A.B. asks: 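What follows is a structure written as structure tokens; I'll ask about it next.
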Amino acid sequence: MTPGLMQQTPLLITQIMQFAARAHGARPIVSRLIDEPLWRYDYAGLASRSAQIAKALIGLGVQAGDRVTTLAWNTHRHLELFYGVPGLGAVLHTANPRLFDEQIIYTIEHAQSVVLFFDSNFADLVARIAPQLTTVKTFIQMSDEARHQPGAVNALCYETLLAAENQTMTWPSFDENAGAFLCYTSGTTGDPKGVLYSHRAVVLHAMAAGLASAFGFTAFDVVMPCSSLYHATAWGLPFVAPICGSKLVLPGDRMDGDNLHDLIEGEGVTFTGGVPTIWTNYLAWLDRTGKTPASLKRVVIGGSAVPLAMAQRFHEAYGVEVLQIWGMTETCPLGVVATPTPALAEMGDEAMRQAIWTRQGRLQFGIELKIVTEDGQEAPMDGETSGALMVRGPWTLQRYFRQEADITDPEGWFDTGDIATLDAYGFMRITDRKKDVIKSGGEWISSIDLENVAVACPGVKVAAVIGVPHPKWEERPLLIVETHEGESVTKDQMIAFLTDRVVKWWLPDDVLFAPVPLTATGKIDKKTLRLTWSGHLSA
Ligand code: ADP
């Protein structure tokens, strides 16, 4: 081998922030805060304040390799920690505040964090869990001085710490494989598992996500991440927007229709994204109020399957394009993105949209995908043969944090736990999670496909399908429906709606009307549903 003679610059997250400050330093960042007025600054301000908070952390004794936890919403202070903490070579553990107390404690203890930053409205939570946090030495409330309350944990004040430091910082250079973010899976099965993103993975992922085959931001875009900063780094949006020079709008903790619309309208948001629940609520709010998101062009939705009816509604009523993505905490999180291609365009506009909306997304360079059937063979790219979805690449997990062994197979493939197909257009479609597939009379029924059809029935807000044990067929589908407020749907209406749209043997054996529980990451909580309803058909 002849060694290449190009520079060996490590890919570090700090470079993104430094680049943004230099290339488009005046591009705005707007942040909603918990109980403070809207905050406005720009990428130059982000760089200065990240330096200040990093210096404050050095003053508190934080060193490279240490873990620092946040319990925080989508705000500019959280964003500053996204750059300041990894910039030092320390690791930012973004704890998920929607987990149960014991799980939050578990993740902070497992991370062995030395500092805990928290938003003001988590003060009670922090006071509750603090006695069980054995490694945290310093608590810092993310508020201004006027609203600071040290409380039982004797918390320091973010703004006081920051104000004591100057804005010049010589950021260290180190190995791009150093850990930067520690994100835990939500632990729907067993304890949460830690996924430690490296600087290299985050930077490569952000560069790929910015491509036109994925999010394709321009400097004219105004990007509002409604996916949580604590959930797989809000899908990398806090890195992609500064790379592309897009304005960034951070919605804090308020994802209700009024507040979202205020920001969309007031700040001219062109691109937003989040899990389907947020958009179910927003679309219902738009219906109720008769308002229109005039500036909005695209919404990226993932985390759970995007209901076809949701994509159609956004497009037909508001001219907003829905981009479906699939990914997981273990993939930083972007895997595939559903963007148009010439081959699909040949089908005509309408057919192309249907094709895009019914698939999770298309292959992206940097993350390899393959489907493995039950007999261990790689499935053809025919859009029909389903099997275990395996992924591999520089932003895919190799090993969970503090585990001894790699989780990948000897060739580096990671089994996602999803069942999927790949087609000749390079599009991937998830049919189910392995544990959610319904096996009926030796055949598989896709709970996702059934939910997708059911949720299109007028009046339905959320539709959840689980397989419950059945004496003859092994398992049969049970449909649990939550209706929109003030609306009612009957079992007969539901079955009639489905009868026209799915094969007969897929029809659920029963339909129940009840609130549908969601997990800490906004997905339908099938574990709880199964616990509640598993005896339903045999009863
Ligand atoms: P958790 O909620 O387990 O912490 P993740 O957010 O990492 O974790 O969940 C990843 C899983 O979410 C995927 O394996 C897949 O099952 C599901 N998922 C993500 N995006 C989609 C999508 N667009 N369609 C269907 N399922 C999806």
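Counting starts at 1 for both ligands and their atoms, following the listed order. Source: prediction; values computed, not measured. Atoms considered below: every heavy atom in the structure, side chains included; atoms not considered: hydrogens, waters and symmetry mates. Along the sequence shown, residues are numbered consecutively beginning with 1.
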A.B. asks: Between E109 (side chain) and T134 (backbone), is there a donor-acceptor pair under 3.5 Å?
C.D. replies: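 Judged by distance alone, yes, a pair lies under 3.5 Å.
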
A.B. asks: To which of V336, D418, L389, D525 does the heavy atom nearest atom 13 (C) of ligand 1 belong?
C.D. replies: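 Among V336, D418, L389, D525, the closest heavy atom to atom 13 (C) of ligand 1 comes from D418.
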
A.B. asks: Do K434 and D415 pass the salt bridge (Lys or Arg N to Asp or Glu O under 4.0 Å) test, and can you show the C-alpha distance, the side-chain angles, and the key distance before you say yes or no?
C.D. replies: CA-CA 11 Å; K434 233 176 254 173; D415 186 344; 2.8 Å; yes

A.B. asks: Mind checking whether Y83 and F239 have side chains closer than 4.5 Å, heavy atoms only?
C.D. replies: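 Yes, their side chains come closer than 4.5 Å.
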
A.B. asks: Between I325 and ligand 1, does any nitrogen or oxygen pair lie at a separation below 3.5 Å?
C.D. replies: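 In this structure, I325 places an N or O atom under 3.5 Å from an N or O of ligand 1.
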
A.B. asks: Can a non-hydrogen atom of G327 be found less than 4.0 Å from any atom of ligand 1?
C.D. replies: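 G327 counts as a contact of ligand 1 under the 4.0 Å cut-off.
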
A.B. asks: Provide the number and element of each atom of ligand 1 under 4.0 Å from a heavy atom of A305.
C.D. replies: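 Under 4.0 Å from A305, ligand 1 has these atoms: 22 (C), 24 (N), 25 (C), 26 (N).
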
A.B. asks: Short list, please: which atoms of ligand 1 are under 4.0 Å from a heavy atom of G303?
C.D. replies: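 Atoms satisfying the 4.0 Å criterion: 12 (O), 17 (C), 18 (N), 19 (C), 20 (N), 21 (C), 27 (C).
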
A.B. asks: Mark yes or no for whether R476, through its side chain, and L507, through its backbone, hold a donor-acceptor pair below 3.5 Å.
C.D. replies: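 Yes, the answer is positive, given that a donor and an acceptor are paired below the 3.5 Å cut-off.
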
A.B. asks: Should the ring pair W279 and Y282 be called parallel, tilted or perpendicular, given that the plane angle runs from 0 to 90° and is split at 30 and 60?
C.D. replies: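 Plane angle over 60°, so perpendicular.
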
A.B. asks: Which of the numbered atoms in ligand 1 are below 4.0 angstrom from a heavy atom of T521?
C.D. replies: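 It comes down to these atoms of ligand 1: 1 (P), 2 (O).
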
A.B. asks: Once the angle between the rings of F217 and F271 is folded into 0 to 90°, is it parallel (under 30°), tilted (30 to 60°) or perpendicular (over 60°)?
C.D. replies: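 Correct class here is perpendicular.
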
A.B. asks: Against heavy atoms of R433, which atoms of ligand 1 measure under 4.0 Å?
C.D. replies: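 Near R433, meaning under 4.0 Å from one of its heavy atoms, ligand 1 has 9 (O), 10 (C), 11 (C), 13 (C), 14 (O), 16 (O).
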
A.B. asks: Taking non-hydrogen atoms only, is T329 closer than 4.0 angstrom to ligand 1 via side chain, backbone, both or neither?
C.D. replies: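 Contact part for T329 vs ligand 1: both backbone and side chain.
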
A.B. asks: By number and element, which atoms of ligand 1 are closer than 4.0 Å to a non-hydrogen atom of Q360?
C.D. replies: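 Per the distance check, 22 (C), 23 (N), 24 (N), 25 (C).
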
A.B. asks: Centre of F427's six-membered ring, under 6.0 Å away, within 45 degrees of the axis: is that where NZ or CZ of R429 sits?
C.D. replies: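 No, R429 and F427 do not form such a contact.
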
A.B. asks: Determine whether the side chain, the backbone, both or neither of P333 has a heavy atom under 4.0 Å from any heavy atom of ligand 1.
C.D. replies: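 Neither; nothing of P333 gets under 4.0 Å from ligand 1.
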
A.B. asks: Could you list the atoms of ligand 1 found under 4.0 angstrom from a heavy atom of Q324?
C.D. replies: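 Under 4.0 Å from Q324, ligand 1 has these atoms: 22 (C), 23 (N), 24 (N).
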
A.B. asks: Which of the numbered atoms in ligand 1 are under 4.0 angstrom from any heavy atom belonging to M328?
C.D. replies: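 Counting from 1, the qualifying ligand atoms are 7 (O), 10 (C), 14 (O).
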
A.B. asks: Within a strict 4.5 Å, meaning less than it, do heavy atoms of the V306 and Q360 side chains meet?
C.D. replies: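 Sidechains of Q360 and V306: no contact.
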
